[in-house]
Protein chains: 2
Amino acid sequence: MNHATVRVQYGMAQFVEQCAAHGYAGVSVWGAEVEKVGFATARSMIADHGLFVFGYNRAGPLMGPDFHRKDEAMDAARREIDRAAEIGADHVMLFPGGFVSGEKDLSGARQRFAEMAKVLLDHAKTAGIRLALEPLHPMLVGDRTCMGTLRHANDLCDRLGEGTGIVVDAHHVWWDEALEPEIARAGAADRILAFHVNDWLLPTRHRLTDRGMMGDGIIDLKGMWRSILGAGYDGPLEVEIFSEDWWAEPGDRVLEIAMQRCREIFDGDTDA
Amino acid sequence: MNHATVRVQYGMAQFVEQCAAHGYAGVSVWGAEVEKVGFATARSMIADHGLFVFGYNRAGPLMGPDFHRKDEAMDAARREIDRAAEIGADHVMLFPGGFVSGEKDLSGARQRFAEMAKVLLDHAKTAGIRLALEPLHPMLVGDRTCMGTLRHANDLCDRLGEGTGIVVDAHHVWWDEALEPEIARAGAADRILAFHVNDWLLPTRHRLTDRGMMGDGIIDLKGMWRSILGAGYDGPLEVEIFSEDWWAEPGDRVLEIAMQRCREIFDGDTDA
């Protein structure tokens, strides 16, 4: 369970307690929330509840309106990579960020991101943690990322090499005709680090905070899960839902329904 | 100039007058607006002002919540194709439409659209007009279309053959890493029917009605125009901006600014 799903309802302590109570095996965390209780405390809190730390959010954004402060962005990213390792996360999310003010150069942004990722990869290897690239939906290209497809993420992983991997988020990639071949390609390179589940609602009212609960939208999640298992992924599902509607619900209800939907949608296929 | 850009300000007669007054050479029209004055009247109105009809909107949507009425959708599309021919348009836009209620089968929708397009292509050939496929932004896949990339449109044109073509809309395709190769591919097959210009705003507040005026956003329009000219396109630019902000402005101001921006951004490159 990703903390963002219930970030409005729960601070770190309650989030960890409730996840354990609802039968989740692991958590994905956000640096800002971990910081509030302290990294050492958070780490033991999570361990005491028998949970593992899956994803750590996040290193970056590396670019954006403040790109003139590139060195600060890189230093901050290194710090987050160290913190991700410190809390024992499986992988750390690396976020490109958006355009520099006034910029209209998407391929230039992609080039810069590749170069920065290369530098940070060395740091991540030393810290002993994998860098996760997550392609975001094309509607977020420009203000959140320069990486809008799985193909782009796969190409970048080919270029960067060992120590990098890909997070497949259903909401971001479901629309892509190249979804199956690119999942297969990522699996063949053993680089699928996580599968984020959620859904695409009709209509989607907001680009950032109107994701659906699994089963409430139009994504063929069963089919996507089969492709991901078929590509050799043997990791967990991660529930990540940014939604004003679900943030307005009691946290324990959200955790309960999400677990129930995961069992309904994915359990039958776990040995596909 | 596409009527949608000033659809709130102008009915057919004023739209045609104002476009001629502002130095536009042609117009793209919408069936519902043409119908209000009658097709014969609209046609002579446009001719009397020395304008040509470029795009006709539209045949479709063919799918969506009402897909159980498939025959009605196909009959309506045939009628629109005939009307597009009647008003002397260069091409008629063919819109797939969204998912059937409860559907989660994107590849199935793509297959159905391809089959329906094949049937309508025969009708369009008889009517003597080209069918235009316009890939929409992936954020519109599911509720507006099943065709979210230029690659998909090119593949479909390969499959359908002569009589079909592609409309490249900057707002819908600018984010795609495959933009240049797919534009070159479309050009090599001599199937680029139109280039719709507008811009992608940061932030984009609405998926449908927050497009930008050329130059106000982050799209490298000069670069895209060079690619399109380089691919052999020798048709006009078409301004199509769906924007609550611009609909709130006086129509003549919108037409004036759009013309001015086109000259600033594209004129220097017309012989690229």
Side-chain angles (χ1 to χ4, degrees), chain A residues 64-65 98-110 135-156 171-180 199-208 210 212 215-224 265, chain B residues 64-65 98-110 135-156 171-180 199-208 210 212 215-224 265:
Chain A
F99 274 16
V100 182
S101 305
E103 177 182 27
K104 295 175 190 273
D105 181 9
L106 186 50
S107 57
R110 288 171 173 147
L136 303 185
H137 193 286
M139 70 186 169
L140 299 176
V141 169
D143 59 357
R144 287 285 191 285
T145 189
C146 56
M147 183 168 54
T149 63
L150 276 171
R151 172 177 292 109
H152 186 177
N154 266 318
D155 291 347
L156 193 47
H171 191 265
H172 290 311
V173 303
W174 74 278
W175 57 271
D176 192 347
E177 298 111 29
L179 183 62
E180 295 212 355
D199 214 331
W200 182 274
L201 299 176
L202 283 189
T204 287
R205 298 158 303 174
H206 191 282
R207 289 182 310 125
L208 295 169
D210 192 28
D216 290 347
I218 61 174
I219 301 177
D220 174 18
L221 290 165
K222 271 183 185 290
M224 206 182 292
I265 296 169
Chain B
F99 273 16
V100 183
S101 305
E103 175 181 30
K104 295 175 189 274
D105 181 10
L106 185 51
S107 57
R110 288 172 172 145
L136 302 185
H137 194 286
M139 69 187 171
L140 300 175
V141 169
D143 58 356
R144 287 284 191 286
T145 189
C146 56
M147 182 167 55
T149 62
L150 276 171
R151 172 178 292 109
H152 186 177
N154 267 318
D155 291 347
L156 194 47
H171 191 265
H172 290 311
V173 303
W174 74 279
W175 57 271
D176 193 348
E177 298 111 28
L179 183 62
E180 296 213 353
D199 214 331
W200 182 274
L201 298 177
L202 283 190
T204 288
R205 299 157 303 175
H206 191 283
R207 290 183 308 125
L208 296 168
D210 193 28
D216 290 348
I218 60 175
I219 302 177
D220 174 18
L221 290 165
K222 272 182 184 289
M224 206 182 292
I265 296 169

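Here is the naming used below: chain letters follow the sequence lines, and residue numbers restart at 1 for every chain.
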Separation between CE (B:M139) and OG1 (A:T204), nearest 0.5 Å, reads 11.0 Å
When heavy-atom pairs shorter than 4.5 Å are enumerated against chain B, which of A:P138, A:G148, A:A178, A:S107 gives the highest number?
A:P138
Output for pair (A:E177 CD, B:R110 CZ), nearest 0.5 Å, gives 4.5 Å
Which atoms of A:E103 are under 4.5 Å from chain B, going by heavy atoms: the side chain, the backbone, both sets, or neither?
backbone
Nearest heavy-atom approach of B:G215 to A:K104 is O-NZ, 3.6 Å
At a 4.5 Å cut-off on heavy atoms, which part of A:I219 comes close to chain B: side chain, backbone, both, or neither?
backbone
Nearest 0.5 Å, please: how far is NE2 in A:H137 from CH2 in B:W175?
8.5 Å
Region of A:W174 in contact with chain B, defined by heavy-atom distances below 4.5 Å:
both
Per-residue tally against chain B (heavy atom, under 4.5 Å) across A:G217, A:G102, A:C146 peaks at A:G217
Measure distances from A:H152 to the heavy atoms of chain B and classify the residue's part below 4.5 Å as side chain, backbone, both or neither.
both
